[in-house]
Amino acid sequence: MALRAPLTRAAKRTTSITPATSVLSPYTSQWRRGNATVVAPQATPGSKGPTAMVFMNMGGPATTDEVHGFLSMLFADKDLIPLGPFQNYIGPYIARRRTPKIQKQYAEIGGGSPIRKWSEYQAAEMCKILDKTSPETAPHKPYVAFRYANPLTEDTYKQLLADGFGGGNGGRAVAFTQYPQYSCSTTGSSLNELWKWRTRLEGKRSTGEIEPEGSIKWSVIDRWPAHAGLVEAFAQHIEKKLAEYPPERRDNVILLFSAHSLPMTVVNRGDPYPSEVAATVYAVMQRLAMKYKYRLVWQSQVGPQPWLGAQTSDTVKEYMKKGQTDMLLIPIAFTSDHIETLYELDKEVIGEDAEGHEGVRRVDSLNGSPVFIKALADIAKTHLQSGKACSHQMTLRCPKCTSERCLAQKEFFAGQSQQLEAAA
Ligand SMILES: C=CC1=C(C)c2cc3[nH]c(cc4nc(cc5[nH]c(cc1n2)c(C)c5CCC(=O)O)C(CCC(=O)O)=C4C)c(C)c3C=C
Ligand code: FES
Ligand SMILES: [Fe+2]
C-alpha cells in the first residue's frame, strides 16, 4: 500500500472540514488582511475560475549578491541535502564556503540566473493560451513559487491570499512543477514546502481543530516526462542544432542527453527520477526515429559521496579519446537556462573538457519555445479537466522513505480530491 494507513487519515480529515464557519473565524467571504479588505477574485461568467497556476521550481540567484542566500536555503533543505542532526550548523558553513566559487560562476554567465525571467514568461504565456482553451476555468492567473530564491513559496502563498484566493474565499490553485521528471529532492521538496506554508497560513492551528472553511483547493501537476508536446519541443531543438553540422557528419553525431545527477543514496531509496528521465530520452529518440546513437549521462555532482553516472564530462573526454569528436549535448531535465547549462556545459564541458572542439555543441534550452509553452497549456488543460488532485503515482512513497514530511504532504494533496469533487 502506498501511504501509511492509505489516505484514510486524509480522507477523514477532508470529508469533515466544511461545517458552518465559526463566528470567531477570520475566514469569511470578505475579510481583512492588515488594512486592506480582500475581495474574492472575479470569475468569468459561466466559469469555475479564477484559477491560480503556480509554477514551482528551485529558482536561482538573480544577482551575485543573492548567491549566499540561495545556497543557505539550499543547504538547509533536508529533502535535498540531509546533513543529520547538525544541519543547522553544517548547512550554513558549507553555504558560506561555497559562495565565492558559485558567485564567480554566476558572474561569468551574466551576473545571475535567468530562471525567474523564463518562469514568469512561460507561466504568463501559458495562462493566455489556457484562457482560450479552458474557458470553464478562466481566468487563469500566473504565479511563480521558488524553493530557494525569490519569489519564495511563502511570499507567493501570501500573494495568493492577498489576491483573494483562499482565506475564506475558497478558489482553486494548481501547483505545476516545472521539473518534467519527479524526484523527491526537487518536486517533492517544493511540495513539502508548499504544504508547510499551506498549513501555517491556512491550515488547522492546533490538533483537533477543524480546517478553516474556504481555504484554497489545491491540485498538483507532479510529472510530465513523456508528454508529446515536451518531446516535440526537445526534438525540434535537437533537429535545429543537428542541421548546423555539415550533412556528411550529421548522421554520426552522438546525442548526449545530460541530466542533473542524484546521489546513489537517493537512487537506492527508490527515487523515480532516473527512470522518468530515461522515459523522456526514449520518447525523444522514438520521435527522432532512432536515427542517431545516444547516451543518457549525468552532470553536476556535488560533494564526495557516490552519484549516479556516467558523468557528462567523463563521457565527453572518453569519446574524444576514442576519436569521436561530434557530440551534441542536450539538457533534458531542466526547461530553461541555468548555471548547469550556461556554465557547466558551455564553459567546463565544451570549453575545457572538449577544449572548445567545434564538433561538441549544445542544444538550446526550451526557454521561450512556443511549442513548449503550448505543451504546458495542454498539460494544464488535461489536468484541470481530469478533476484529479494529483497523479496516482504521486501517492506511492519511495520504498525506503522514512520522511514524515513526505507522508503528510502526500496525504494532504491526495486528500484534496474530495475538495475538488465537492466543488465540481
Ligand atoms: C532536475 C534537476 C535537479 C536535480 C534532480 C537536482 C538534485 C540535486 N541537486 C543537489 C545540489 C545542488 N544543486 C545545485 C544547483 C542546481 N541544481 C539544479 C537542478 C537539480 N538538482 C539546478 C538547475 C541548479 C542551478 C540553479 C540555477 O542556476 O538556476 C546546487 C548549487 C550550486 C552548487 O553549489 O554547485 C547544489 C549544491 C543535490 C544534492 C541534489 C540531489 C539530492
Ligand atoms: S523520499 Fe521519496 S517519498 Fe519520501
Ligand atoms: Fe541540484
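Indexing begins at 1, ligand by ligand and atom by atom, following the structure's order.
- In this structure a side-chain-to-backbone donor-acceptor pair under 3.5 Å is missing from Q105 to E344.
- Atom OG of S134 and atom NE2 of H140 lie 4.0 Å apart (nearest 0.5 Å).
- In summary, the side chains of S219 and R172 do present a donor paired with an acceptor at a separation below 3.5 Å, with no hydrogens or angles considered.
- Considering only heavy atoms from C-beta on, L328 comes within 4.5 Å of V363 through its side chain.
- Within the 3.5 Å criterion, the main-chain N or O of D337 finds no donor-acceptor partner in the side chain of T341.
- Checked by atom type and distance alone, the side chain of T156 pairs as donor or acceptor with a backbone atom of V144 at under 3.5 Å.
- Counting only N and O atoms by type, the side chains of D77 and S189 include a donor and acceptor under 3.5 Å apart.
- Ligand 2 lies less than 4.0 angstrom from a heavy atom belonging to K410.
- Each protein N, O or S atom less than 2.8 Å from atom 2 (Fe) of ligand 2 was counted, giving 2.
- Put simply, the side chain of S365 never gets that close to the backbone of N367: no donor and acceptor are under 3.5 Å apart.
- For the Fe ion (ligand 3), protein N, O or S atoms closer than 2.8 Å were enumerated as H260 NE2, with waters left out.
- Under the side-chain hydrogen bond (donor to acceptor under 3.5 Å, both in side chains) criterion, Y121 pairs with no residue, sequence neighbours left out.
- Ring planes of W218 and Y157: tilted class, angle from 30 to 60°.
- For the residue pair S300 / E340, a side-chain donor-acceptor distance below 3.5 Å is found, with atom types taken as modelled.
- Counting only heavy atoms from C-beta outward, the side chains of Q181 and P225 approach each other to under 4.5 Å.
- Checked by atom type and distance alone, the side chain of Y245 pairs as donor or acceptor with a backbone atom of G359 at under 3.5 Å.
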Could you list each N/O atom of ligand 1 together with any protein N/O atom closer than 3.5 Å, one pair per line with the distance?
{"from": "ligand 1", "atom 1": "9 (N)", "to": "H260", "atom 2": "NE2", "distance (Å)": "3.3"}
{"from": "ligand 1", "atom 1": "17 (N)", "to": "H260", "atom 2": "NE2", "distance (Å)": "3.3"}
{"from": "ligand 1", "atom 1": "21 (N)", "to": "H260", "atom 2": "NE2", "distance (Å)": "3.1"}
{"from": "ligand 1", "atom 1": "28 (O)", "to": "Y106", "atom 2": "OH", "distance (Å)": "2.6"}
{"from": "ligand 1", "atom 1": "28 (O)", "to": "I339", "atom 2": "N", "distance (Å)": "2.8"}
{"from": "ligand 1", "atom 1": "29 (O)", "to": "S113", "atom 2": "OG", "distance (Å)": "2.9"}
{"from": "ligand 1", "atom 1": "34 (O)", "to": "R98", "atom 2": "NE", "distance (Å)": "2.5"}
{"from": "ligand 1", "atom 1": "34 (O)", "to": "R98", "atom 2": "NH2", "distance (Å)": "3.2"}
{"from": "ligand 1", "atom 1": "35 (O)", "to": "R98", "atom 2": "NH2", "distance (Å)": "2.7"}

